[in-house]
Each structure stands twice: as structure tokens, then as C-alpha cells.
Asks: 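Before I ask anything, let me first share the structure, which is written out below as C-alpha cells.
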Amino acid sequence: MCTYAYFAKIGDSKNKSQYEMANLLYEPRAVDYDDSWHPDYTRRLIDFVGVRPNDRILSLACGTGLEAIYAAPNLSDDGIIIGIDATKAMLAVAQTKLDANPTLKQRVQLFQHDIADLSSCSALGRESFDLILCSNAFVLLEKREEVIAAWTDYLKPNGRMVIDIPSEQSIPEGVMMEKVCARLGVQYASDRSWMRSVESFRAILESQSLHVKSATVMEKRPGQDVKYLDKVQLQTQFEKVVMAAMASNIVEAGFLEKAMPIFDEEWNRLAVEGKVKVCESLYLYIAEKV
């Protein structure tokens, strides 16, 4: 998930849909998305989940195709990966990888579509997938229970759904921005206000008749993701989020001045002995359709 998400004024007739926001958010990131922690994290995720030779895999918010690249070598000729993403630029990067690898290209198909509206994607059949993956994207979606219910329809009986969610101590500047925007009447693309512990998303999955087989902590960068920030350090990160939004004309000039009193309130609530603990990790959930 990107911290520098899209903003729009509530009530503005130009408000974007989630699908449109995803395009706006990720189009500029496509060129260097893989120059980050994402490739190593995705490799570890695929190794942990385990891919079976005959699996039919649906990769939602597939981005630059990282999941497909790491999963495809485990498939036989009967296996397939269908990748769906909102962003044309991300899919173009993924397609370049497929074009350079005939075996990969044979096993992977890519589609630009709204992952929150799979029913309108003719390439998909209900109860046809053994494994559904969604990594670093779910918190951008609204109506969480409805989305999970819809995705479950595409799993075979005993099929697995794998989703990761940033932990409650991850990206504190992003969490603060969500709260600031809520207070100031500005729409923010992501929402983690509901994420209180590892049990929060487990409850959503179980509410849709999925059996949660495991909920595991996955570090973005093993051994490097726990740190303690003082107020100056966290404020610097928070200001970068705000300034990036202002530079893109996403929020108006003067937003930072309005935001800082709310930032101070959140700092006072979170800080312990002058520090805020940050754990840049995700909860990885593996659930089975029963």
C-alpha cells in the first residue's frame, strides 16, 4: 500500500471512484514500483503460501506481476494465473515481463478491471479458482464484507483466499493522515480505522463463512522493520505525505496548517516516553472456503 494516497473533497462532484483513485495513485508508481521491498516480500509470501502444480490462481491488484512471476514456476501446464489490476501502467510493466519469458506468458493472463466488481469481468468463472491472492491493496477498498463475499464466489470448494493487511503499528503517518482527513472532511483512499489487531480482519473473513487457517506476521524487510520515532521524525514523514498531496493539487494550500493541530493530538495519544513504536509489517491471512 502506498502512503501517498489520493484525496478528494467530500461532496465534490468530481469525486473519483475507488477504481479511478487506484489509477491516479499507481500510474506514476509503475516505473519504479519494483525498486522497493515489494519483490522480496512477494517472494516470501508465495513461498509461505505454497502453490500447487495444478492451481488456478486469481491475482487481484496484481500490479507489476510480482505474484505471477514467483508463482508461475511452481505450476504445471494445467495451472494458470489470471492477474487483474486497475492501472494500465502497472499492467504494461507486467506484460513486458511476460513478453520476455515464453513460459511465463503461457501461464499468465492479464486484464485491466475493477477488482471490486468482478461480476462484470467476462474472463472469470465462478467457483473456478483454487487460490485468490490480494497483496498490499485491500485497505484501498470500501465495503470490506461485500468484497470478500463476492470474491468467495470465485473460489472452488476448499479453495484458499490469501490477503495481507498492514498491522496497526505500520505506516503511522498514513494512519494519522486518515484521521486528519476525516476530521477536515477530506476523502482518503485507504482506511485502517477498523484495524485494531490481528483479530480485526479475521472476524471479517469468518463473517463470510471462510475458515481462517492462519494469520501470520510478515515483515516488509526482515529484521529492519521495528523502530521508534520521536516527534520530529514522525512529523517529517507526515509532512512528506501532505506535501506530496499538495504538489499534485490533491489538497489545497493551507492544508498542512489545518492538519498540524490534529497531528499534535494524535502524537500525544500515541507517544510513550517521547517515542512512537513503528512495526512495518503486515498480517498475512490464509482462509479456506468451506
Side-chain angles (χ1 to χ4, degrees), residues 1-6 22 25-26 28-30 32-49 60-64 66-67 70 90 133-141 144 162-181 188-202 204 214-245 259 263 266-286:
M1 183 191 75
C2 176
T3 301
Y4 310 136
Y6 173 81
L25 175 59
Y26 283 99
R29 299 190 63 205
D32 60 359
Y33 186 83
D34 290 359
D35 299 330
S36 66
W37 53 271
H38 289 283
D40 178 69
Y41 172 84
T42 304
R43 176 188 57 77
R44 289 184 285 114
L45 182 152
I46 294 298
D47 286 347
F48 183 83
V49 170
L60 299 174
C62 66
T64 61
L66 290 172
E67 292 165 5
Y70 292 117
M90 286 283 198
L133 301 169
C134 182
S135 179
N136 286 281
F138 191 83
V139 294
L140 299 175
L141 302 176
R144 292 172 288 277
V162 176
I163 301 173
D164 58 18
I165 306 287
S167 71
E168 64 276 11
Q169 291 184 315
S170 178
I171 322 176
E173 66 273 21
V175 176
M176 286 185 166
M177 181 61 88
E178 292 172 359
K179 294 185 176 182
V180 167
C181 289
Y188 192 53
S190 64
D191 176 21
R192 285 191 290 151
S193 61
W194 56 275
M195 194 65 188
R196 304 299 176 87
S197 73
V198 68
E199 299 302 318
S200 300
F201 191 56
R202 182 196 296 271
I204 291 175
S214 65
T216 307
V217 176
M218 293 280 289
E219 294 179 298
K220 292 180 181 178
R221 307 171 187 85
Q224 303 178 43
D225 283 347
V226 178
K227 54 190 174 183
Y228 294 84
L229 301 181
D230 62 28
K231 187 174 184 179
V232 172
Q233 291 171 316
L234 185 53
Q235 182 173 328
T236 298
Q237 293 185 188
F238 177 76
E239 289 176 354
K240 286 180 180 178
V241 177
V242 175
M243 297 309 292
F263 171 89
E266 287 300 307
W267 168 264
N268 291 333
R269 185 180 66 83
L270 294 173
V272 177
E273 297 182 353
K275 300 277 187 177
V276 167
K277 183 179 180 180
V278 181
C279 296
E280 295 293 2
S281 58
L282 299 96
Y283 297 129
L284 178 65
Y285 299 84
I286 301 179

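This is a predicted model, so every value here is computed, not measured.
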Asks: At what distance, to the nearest 0.5 angstrom, does OG of Ser190 lie from CG of Leu141?
Replies: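 That separation rounds to 11.0 Å.
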Asks: Run the numbers on Arg144 and Asp191 for side-chain contact (heavy atoms from CB on, under 4.5 Å), then give the verdict.
Replies: CA-CA 10 Å; Arg144 292 172 288 277; Asp191 176 21; 3.7 Å; yes
Asks: Among Gln237, Lys240, Gln233, find the one that has a side chain to side chain donor-acceptor pair (under 3.5 Å) with Glu173.
Replies: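 Going through the options one by one, the only one that passes is Gln237.
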Asks: Within the distance-only criterion (no hydrogens, no angle test), does the side chain of Glu219 pair as donor or acceptor with the backbone N or O of Glu280 below 3.5 angstrom?
Replies: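 Side chain of Glu219 to backbone of Glu280, a donor-acceptor pair under 3.5 Å: no, none is there.
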Asks: Suppose we screen for ring-ring contact (aromatic ring centres under 6.0 Å, His included). Which residues come up paired with Tyr283, at least two apart in sequence or across chains?
Replies: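 By the ring-ring contact (aromatic ring centres under 6.0 Å, His included) rule, Tyr283 matches no residue at all.
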Asks: Does Thr42 reach the side chain of Asn136, with side-chain heavy atoms less than 4.5 Å apart?
Replies: no
Asks: Among Ile163, Val162, Val217, which one satisfies side-chain contact (heavy atoms from CB on, under 4.5 Å) with Leu284?
Replies: Val162
Asks: List the steps and the verdict of side-chain contact (heavy atoms from CB on, under 4.5 Å) for Val198 and Tyr285.
Replies: CA-CA 9 Å; Val198 68; Tyr285 299 84; 3.8 Å; yes
Asks: Please answer whether the main-chain N or O of Arg192 pairs with a side-chain N or O of Glu178 as donor and acceptor at a distance below 3.5 Å.
Replies: yes
Asks: Counting N and O atoms only, with roles assigned by atom type, does the side chain of Asp225 sit under 3.5 Å from a partner on the main chain of Lys220, one being a donor and the other an acceptor?
Replies: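 Judged by distance alone, yes, a pair lies under 3.5 Å.
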Asks: Over 60° means perpendicular and under 30° means parallel, so classify the ring planes of Tyr33 and His38, tilted if in between.
Replies: parallel
Asks: What closest approach, in Å, do Thr64 and Ala30 show between heavy atoms, and which atom pair accounts for it?
Replies: CG2-O, 4.3 Å
Asks: Is Tyr228 reaching over with its side chain to a backbone N or O of Gly274, donor-acceptor style, under 3.5 angstrom?
Replies: no
Asks: Measuring only between side-chain heavy atoms, which start at C-beta, is Val242 closer than 4.5 Å to Phe263?
Replies: no
Asks: Counting N and O atoms only, with roles assigned by atom type, does the side chain of Glu266 sit under 3.5 Å from a partner on the main chain of Leu270, one being a donor and the other an acceptor?
Replies: no
Asks: Who are the side chain to side chain donor-acceptor pair (under 3.5 Å) partners of Asp40, not counting sequence neighbours?
Replies: Arg43, Arg44
Asks: Is atom CZ of Arg196 surrounded by more than 12 heavy atoms (other residues, nucleotides or ligands) closer than 6.0 Å?
Replies: no
Asks: Evaluate Met176 against Leu234 for side-chain contact (heavy atoms from CB on, under 4.5 Å), listing each step before the verdict.
Replies: CA-CA 10 Å; Met176 286 185 166; Leu234 185 53; 3.6 Å; yes
Asks: Which is it for Met218 and Leu45 under the side-chain contact (heavy atoms from CB on, under 4.5 Å) test, yes or no, and what are the steps along the way?
Replies: CA-CA 8 Å; Met218 293 280 289; Leu45 182 152; 4.3 Å; yes
Asks: Would you kindly say whether Glu168 and Ser197 are connected by a side-chain donor-acceptor distance under 3.5 Å?
Replies: no
Asks: Applying ring-ring contact (aromatic ring centres under 6.0 Å, His included), can you list everything that pairs with Tyr41, at least two apart in sequence or on another chain?
Replies: Trp37
